[in-house]
Colleague: 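My questions all concern the structure below.
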Amino acid sequence: MSKGLNILFCTSEVTPYSKTGGLADVSNSLPQELAAAGHAVRIITPKYGPMDERRLRVYEIKRLVNIEVPVADRITTCNIKSSFIVSPKGKVQVFLIENNEYFRENSPYVDEKTGKDYENNDERFIFFNRAIVQVLGLLGWKPDIIHCNDWQTGLIPAYIKTIYAKDPLLQNVKSVFTIHNIAFQGLFPYESFLKSGLPHNIWNEEGVEYYNQFSFLKTAIVYSDAITTVSENYAREIATTHEYGMGFEGLLKTRKKDLFGILNGVDYSVWNPEKDNLIPFRYNAMELPLKRENKKVLCKKFGIEYNSETPLIGIISRLTDQKGFDLIKKIMPDLMKENVNFILLGTGDKNYQKFFEGIKKKFPKKVGLHFGFSEELAHLIEAGSDIFLMPSKYEPCGLNQMYSLKYGTIPVVRKTGGLADTITEYKNGKGNGFTFDKYDASELMKAVKKALKLYKNREEWIKLIRNAMSYDYSWQVSARKYIDLYKTLLKKS
Ligand code: ADP
């Protein structure tokens, strides 16, 4: 067997230490799969807030304290703590960067008191990026690949190629940057660029300047050796249209030969109804009455009247326009006329919260709401719902529709990004869900109605459930693609 690679995986969130969305799941499961394939992977991430270090088994590393990191015109310090993600696949070491000035709060990006981004997000993530390149030499380990994710790690590829270019540890290292969502561009004023310590000669259009602003995302796209995104379809979309590229389509076109779409996978040791410890009744495709038992528990929890003839629609999502909530809002009055119940778990836009609270008031027995983040409820909703709604405006990959398949909860999705790559219309006994094309409320309603209609035909519905449950989106295939990409890059040096 050939020698494994050393891979440093840099991420601003990773379960079980932090999570706001899919990135945290991917940052946990992809490194494990890479490790299982024989590579040495280490994750590096911020240590947010007062973390339960005992429960999460986070330990001090005595020699890695008070490490100096320049930010703006001063020197700040950090400690590096260590933990391990342990699973049947193996063990992956996680380095957590501790700094009580920048990462004092639990919430990674948004100030929970105001609901807005932290005012010093520029400094927080300049610090994080710079700390990573700064501590590398102290880890006693030379990476072959530095894999960065989203704008919060976007400066690392530029540091490697500029002010740290002569660092012996970084000779021949290759950087990969994964775009999990191009809407988040890390845009800050010129003053933030000055705080980064990056050299002045890259403040221009070919470098890091984006319409007079400093963009962490642009920095990453310009300086990384390869760029990936989380589905093939999204890779195509962001490099061709302004609607999806959101201003970066031109730049991405210039890097087209270095841009790859690699679909995210699912960690089936976490998202599998047969082994799920967070649901009351575990089941497989041959034990569907047990899925109904979960539905009963779920309905009870949300004060909804259970009826086997009434399909239950579930949503687990950030409450943002991206996820298609304006369409859901529009169809809600019509939807409530149907024989259907509805459960929503989400956090985000307060206006949407208010809207759904209004609907719940009108239909208390048909609608269940939980505004907050709950891993436990997320699993129960996947297990207990009949239909999963995901009418996204755009969707880089989407994980929930893949989780839903495994739980036999039929996705109704808009055909965009990763949703188009993973969900195919159910027809003549084939396919795994219901789809619609145009971003339009009546199109969404038509798709939902197709699902409601088929639900009445129990035999067909069970066939569809079994189809859905048979899909396998495990990480193995995608991890292989990342490994092939890493190897191709390393051959180039
Ligand atoms: P995104 O990363 O755009 O938010 P994904 O579908 O890729 O969307 O991933 C979302 C992840 O976050 C899933 O694991 C989903 O279960 C989880 N999630 C989203 N909102 C909540 C919530 N309120 N409570 C628990 N889990 C949530």
Colleague: Quiz question: by atom type and distance under 3.5 Å, do the side chains of Ser404 and Glu382 form a donor-acceptor pair?
Modeller: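 On atom types as modelled, these side chains qualify, holding a pair under 3.5 Å.
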Colleague: Do Lys291 and Tyr283 form a cation-pi contact, if we require the NZ or CZ to be under 6.0 Å from the six-membered ring centre and within 45 degrees of the ring's axis?
Modeller: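 Output no; distance or angle outside limits.
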Colleague: Which class fits the ring pair Phe103 and Phe125: parallel under 30°, tilted 30 to 60°, perpendicular over 60°?
Modeller: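 Ring orientation, 0 to 90° scale: tilted.
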Colleague: Any donor-acceptor pair under 3.5 Å linking the side-chain atoms of Gln322 with those of Asn181?
Modeller: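 Judged by distance alone, the side chains do pair up.
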Colleague: Assess the side chains of Thr228 and Thr178: does a donor N or O sit below 3.5 Å from an acceptor N or O?
Modeller: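 Note: Thr228 and Thr178 side chains meet the donor-acceptor criterion.
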Colleague: Please find the pair of heavy atoms, one from Ala24 and one from Ser18, that lie closest to each other, and give the distance.
Modeller: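 Where Ala24 meets Ser18 most closely, the heavy atoms are CB-O, 3.4 Å.
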Colleague: Can you tell me how the ring of Phe325 sits relative to the ring of Tyr352, calling it parallel under 30°, perpendicular over 60° and tilted otherwise?
Modeller: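 Rings of Phe325 and Tyr352: tilted, 30 to 60°.
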Colleague: Over 60° means perpendicular and under 30° means parallel, so tell me whether Phe434 and Tyr426 are parallel, tilted or perpendicular.
Modeller: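 Aromatic pair Phe434/Tyr426 classed perpendicular.
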Colleague: Does one side chain, of Asn28 or Gln32, offer a donor that lies under 3.5 Å from an acceptor on the other?
Modeller: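 Asn28 vs Gln32: donor-acceptor pair found between side chains.
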Colleague: Any luck finding a side-chain donor-acceptor pair between Tyr109 and Thr20 under 3.5 Å?
Modeller: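 The criterion, which ignores hydrogens and geometry beyond distance, is not satisfied for Thr20 and Tyr109.
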Colleague: For a quick check under 3.5 Å, do Thr310 and Lys366 share a side-chain donor-acceptor pair by atom type?
Modeller: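 No pair is found: no donor N or O on one side chain lies under 3.5 Å from an acceptor on the other.
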Colleague: Which of parallel (below 30°), tilted (30 to 60°) and perpendicular (above 60°) describes Trp271 and Tyr403?
Modeller: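 Trp271 and Tyr403: parallel rings.
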Colleague: Can you see whether Thr422 engages Gln401 through a side-chain donor-acceptor pair at a distance of less than 3.5 angstrom?
Modeller: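 Distance-only check passes for Thr422 and Gln401.
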Colleague: Ignoring hydrogens and geometry beyond distance, is a side-chain donor-acceptor pair present between Tyr306 and Asn341 at under 3.5 Å?
Modeller: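 Their side chains do not contain a donor-acceptor pair, so the 3.5 Å distance test is not met.
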Colleague: Compute whether any side-chain donor of one residue and acceptor of the other, for Asp326 and Tyr439, lie under 3.5 angstrom apart.
Modeller: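 Yes, because at least one side-chain N or O of Asp326 sits under 3.5 Å from a partner of the opposite role on Tyr439.
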Colleague: Indicate whether any N or O donor in one side chain lies under 3.5 Å from an N or O acceptor in the other, for Glu425 and Thr435.
Modeller: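 The criterion, which ignores hydrogens and geometry beyond distance, is satisfied for Thr435 and Glu425.
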Colleague: Which atom pair, heavy atoms only, marks the closest approach of Gly154 to Phe177?
Modeller: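 For Gly154 versus Phe177, the nearest heavy atoms are CA-CE1, 4.1 Å.
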Colleague: Going by distance alone, is a donor N or O of one side chain under 3.5 Å from an acceptor N or O of the other, for Asp440 and Ser442?
Modeller: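 Checked: Asp440/Ser442 side chains pair up, N/O donor to acceptor below 3.5 Å.
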Colleague: Cut-off 3.5 Å, side chains only: do His379 and Asp276 have a donor facing an acceptor?
Modeller: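 Looking only at side-chain atoms, Asp276 and His379 do form a donor-acceptor pair, the distance falling under 3.5 Å.
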